[in-house]
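In the text below, chain A, chain B and the rest are named by the order of the sequence lines, each starting its count at 1.
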Number of protein chains: 2
Amino acid sequence: MAKKNYQREDVLDNVISLFWQQGYAASSIQQITKATGLKPGSIYHEFESKEKLFQEALARYATASIGAIHQKMADTENVNEGIKQILADLVEQSKSCDYCGCFLIKTQLELASQGNTLYQFASMQLSNIEKIYTEYLSRLYSNEQAKAYAAQLMTVIFGIRTYGYQADSANTITQTINALLPWLNEH
Amino acid sequence: MAKKNYQREDVLDNVISLFWQQGYAASSIQQITKATGLKPGSIYHEFESKEKLFQEALARYATASIGAIHQKMADTENVNEGIKQILADLVEQSKSCDYCGCFLIKTQLELASQGNTLYQFASMQLSNIEKIYTEYLSRLYSNEQAKAYAAQLMTVIFGIRTYGYQADSANTITQTINALLPWLNEH
DNA sequence: CTGCTTTTTGAACAGTCATTCAAACAATGA
DNA sequence: TCATTGTTTGAATGACTGTTCAAAAAGCAG
């Protein structure tokens, strides 16, 4: 088989959901082989190590998440409407019985204590997302106000990403968002 | 040695910080023996399994956290002042270089996907804390309003517990709290 | 001192971990 | 056809996993 019989991206997609659900430490190579259909050798041939594989999966997740933000912003009338829809999507996700929050946040929490490269990467991506929100909010508000609102938004997103684990929390979350971020209903 | 040469609570305190920092999966029995000074046999004699040990550590952490809330409320003029101080303490904690968030939240995120007993326990404790806040807030507000404010408070706490991992976030967090929870400055 | 009970010890268990590698394999270009 | 190149295989590596257990040790009661 001189030509590889799998697509790098397909493998990554399978690996993302495994790592996302279980975290780094709890996901074994054995499980990865099962999820991808690849043998250990192939995995190590294509991706140098478990850590590198995780990093690439996380990067792909981050890219997709950022892409989704831009997409929403392009599809909606104004920035606040876009943000409202993004938040509504998060609430919708939290209704799923196998809800597993945000891959970046989970990685940050799991690997923070070890000064890990993966932690730093996740942390950087999250702060990058905040910057993106800041830029969009600058369309409606002053730079200073946009920065403050973006920090509020990220805090609320982090909050509902955790609150979403509580049973039957969707309605409460929706009301909480409206109470915490009243400025979303301006414009 | 017919009398045990360690205190159950001291062992738990050591174990709490290990599990808190590293999480369940990444903390090995070998590390636990190092952190506690106990040999494997003693650990399994005193605590049935790694899972039971973790559960007991988590319970002790939760009890201490809840105790700290009641203490703050007893020490302050009114409920809102107490909450403000609790939040200020969280901000202070986030300044530490080895900040590791909230043990309950980390456990919930790490172990959610497996329908784990430990996840359910952490989740229950967090919703219990929300209930406690609701009761305190009932002193100042109607039952309905207190419930809504407690949900907002929990969301913000969850949020800053994650936001706290970002470098130099303390000032931003303080401003964000004031913006998100303006009612804390009433009374 | 002699049994009895409780605790400690640390080696040993079977299983799993991440990773490696030589060999088998398949496609390409000459 | 044949050597070359890149890919897949799957067993094997040594280290580490959570857990067990028989033996040793130490206190107590008689």
Exercise. Has Glu144(A) got more than 12 heavy atoms of other residues, nucleotides or ligands less than 6.0 Å from its CD?
Worked result: no
Q. Taking only side-chain nitrogens and oxygens of Tyr44(A), does any of them come within less than 4.0 Å of OP1 or OP2 of dT19(C)?
A. yes
Asn5(B) has its side chain closest, among dT8(C), dT7(D), dT9(D), to dT8(C)
Report task. Indicate, with a heavy-atom threshold strictly under 4.0 Å, whether Gln30(B) touches base, sugar-phosphate, or nothing. Result -> sugar-phosphate
Rounded to whole Å, the NE2-P distance (His45(A) to dT20(C)) equals 14 Å
note: Glu46(A), atom CD; dT19(C), atom C1'; distance rounded to Å ~ 17 Å
Next on the checklist: Does the Lys NZ or Arg CZ of Lys50(A) fall within the cation-pi geometry relative to Tyr24(A) - under 6.0 Å from the ring centre and within 45° of the axis?
Outcome noted: yes
Tell me, do Glu56(A) and Tyr61(A) make a side-chain contact under 4.5 Å, heavy atoms counted?
no
Quick note, Lys39(A) side chain, CB onward, closest among dG10(C), dG10(D), dT16(C) is dG10(D)
Which of dT8(C), dG10(C), dG18(D) is nearest the side chain of Pro40(B)? It is dG10(C)
Checking dT7(C), dT19(D), dC16(D) against the side chain of Ser49(B) (C-beta onward), the nearest is dT19(D)
Taken in chain and number order and not counting sequence neighbours, the residues that satisfy ring pair (Phe, Tyr, Trp, His ring centres under 6.0 Å) with Tyr165(B) are Tyr99(B)
With a 6.0 Å cut-off on ring centres, are Phe103(B) and Phe19(B) close enough?
-> no
Within residues 17-28 of chain A, the residues having a heavy atom closer than 4.0 Å to DNA chain D are none
Whole-Å distance, Lys50(B) NZ to dC16(D) P, equals 15 Å
Winner on side-chain proximity to Ile29(B), out of dT19(D), dT17(D), dG10(D), is dT19(D)
Tell me what Tyr6(A) touches on the nucleic acid: a base, only sugar-phosphate, or nothing, going by heavy atoms under 4.0 Å. sugar-phosphate
